[in-house]
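Atoms within a ligand are numbered from 1 in the order they appear, just like the ligands themselves. All values derive from a computational prediction rather than experimental measurement. We're numbering straight along the sequence, starting at 1.
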Amino acid sequence: MTDYATTDVLVVGSGIAGCAAALAAAREGADVLVATKAERPADASTDWAQGGIATTRDSPESLKRDVLAAGDGEADPDTVDVLVEDAADAVEDVLVDTLDVSFDGGDGEGFDYAQEAAHSEARILHVDAATGHHILRPFLRLLDDHENVRILEDAAALDLITDEGLVTGALLDRDPETGERAGTGAPVFAGSTVLATGGIGDLYRRSTNPAGSTGDGVAMAALAGADVEDVEYVQFHPTAYDDEDPFLVSEAVRGEGAVLRNADGERFMPEYHEDAELAPRDVVARAVAAERDATGEVRLDVSPLDFAGEFPGLAETCEDRGVDWEAGIPVAPCEHFLCGGVAVDTEGRASLDRLFAVGECARTGVHGANRLASTSLLEGLVWGLRAGETAASDGREAEPSEPPELRDRDPDLPSGFADEKFRRLRRVMDEYVGLHRSGSDLERAQGVLRRLKGEVDAYVRTRTSRDLYQLRNAAVVGLLVARAASENPESAGCHHRTDEAAVEEAPDAGH
Ligand code: SIN
């Protein structure tokens, strides 16, 4: 067998969920290796998270009701119970007591809880509109100083290693022992492997995720045989800056009173939903798209609030990008969050033994068909802690097995290969697997994606470049999303079938 490294717990990814898993496992005394593609904190979606972290305040039941309502009948009430029951302790223990995050209002009379769409009360803890940044940086510093944790940056997991249905570790493209690039993959064997690889923003042309969000954890788990669920529920955020290079304009801005206007200057949301701008995200996203189509443009009118005073970071971003926010910020929907993913239980365990998944790459059942604002950091924190603790307390030791053989003998990829294929993939996802879906479009998407995956697989057999694996992962997840969307004829939350009536009426549709 080739050289290999071992660890008690291998965490793949370094956002809030991965950090929480690493912390919880280390607290149990486990040796933890965090392998992350990230080279800087800003490479993780957590660092980009604006709005904040939902809390239960005095009523876990009320947060539960809002989460279930946003999930449009598809969320699992039992797992939402876990979220709301753990929320207060997790926030207090990790964010307040351990990391000392200075949430707005925290040094005064009481926290300055923000209001966001589809929340029945103001309950969001935040730091300006840059909450993730203020959580992740101290979290990484804490782990950097922890004697049981080692963070290996710029290290992608290429594949999971399995042995008779057990996940025994992962192949990295950087050797943890030497720190050098590993052309043919460096095996790391672990008692447990925790995937925390984030979202799928790179599958779409416009996304609020950082580059490199290629669905790696979902793809690797699926290729290893793990169950993946609910991946048709891809959430589009309604208010991203309307540009090829979008930035998120937090829902908190609408929570403070900003309104949406079409190109005729009309405020349109009251016609779409009784909660107007604070309607569920999928409703607002489709309304914004419809008004853009009908009138040419939608702007977020921030004149009802003191925008620069309340959201200084966003005002600065607008100024840096040459956006005159006083004239209203041009906005359009944009891929934001994958509600489904690797199916896990309340401890983050996947369907394959010794494999866990947490954060955006996991499907806990909390989000159902549509995620409630500011619950992603909370879910990542709660499930990260649960999975890390369970992984470590199971006390399993690394059991080296024969890793798959990767080949890296052929020349580099043809220049532009990955870029060209990614462009094709994104065109298909945008056009056929976006805000609106139909059976025929989803069939078309699967055809193109299958061909694309075939072309990529041919290269994967002889090369191990990270670009190629990311492309493979994106193609695998794109296919999973398109297939799940095609197999689900019913609109719910962010999965909107334009042909729902036709599907329901079709004699052979199974209804
Ligand atoms: C936002 O700030 O609007 C995004 C928060 C979230 O996605 O939960």
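- Residue contact check: His237 has heavy atoms under 4.0 Å from atoms 1 (C), 3 (O), 4 (C) of ligand 1.
- The environment of CG in Asp58 is sparse: at most 12 heavy-atom neighbours from other residues, nucleotides or ligands sit within 6.0 Å.
- For ligand 1, the atoms closer than 4.0 angstrom to any heavy atom of Glu251 are 1 (C), 2 (O), 3 (O).
- Taking a cutoff of 4.0 Å between a charged side-chain nitrogen and a carboxylate oxygen, Asp86 and Arg386 qualify as a salt bridge.
- Considering Gln50, Arg254, Glu379, Arg281 only, the shortest heavy-atom separation from atom 5 (C) of ligand 1 involves Arg281.
- Counting protein heavy atoms only, atom 7 (O) of ligand 1 is closest to His336 NE2, 2.6 Å.
- A side chain to side chain contact (heavy atoms under 4.5 Å, CB included) with Asp216 is found for one member of Val476, Val12, Asn473 and no other, namely Asn473.
- You'll find the ring centres of Tyr204 and Phe236 inside the 6.0 Å limit.
- A side chain to side chain contact (heavy atoms under 4.5 Å, CB included) with Arg254 holds for exactly one of Val259, Val284, Val302, Leu305; it is Val284.
- Scanning all protein heavy atoms for the shortest distance to atom 8 (O) of ligand 1 gives Ser374 N, 2.5 Å.
- Between Gly51 and ligand 1, at least one pair of N/O atoms sits closer than 3.5 Å.
- Within the 4.0 Å heavy-atom shell around ligand 1 one finds Ala373.
- Of the protein's non-hydrogen atoms, Ser250 OG, 2.6 Å is the one closest to atom 2 (O) of ligand 1.
- Relative ring orientation between Phe111 and Tyr113 is described as perpendicular, the plane-to-plane angle rising above 60° on a 0-90° scale split at 30° and 60°.
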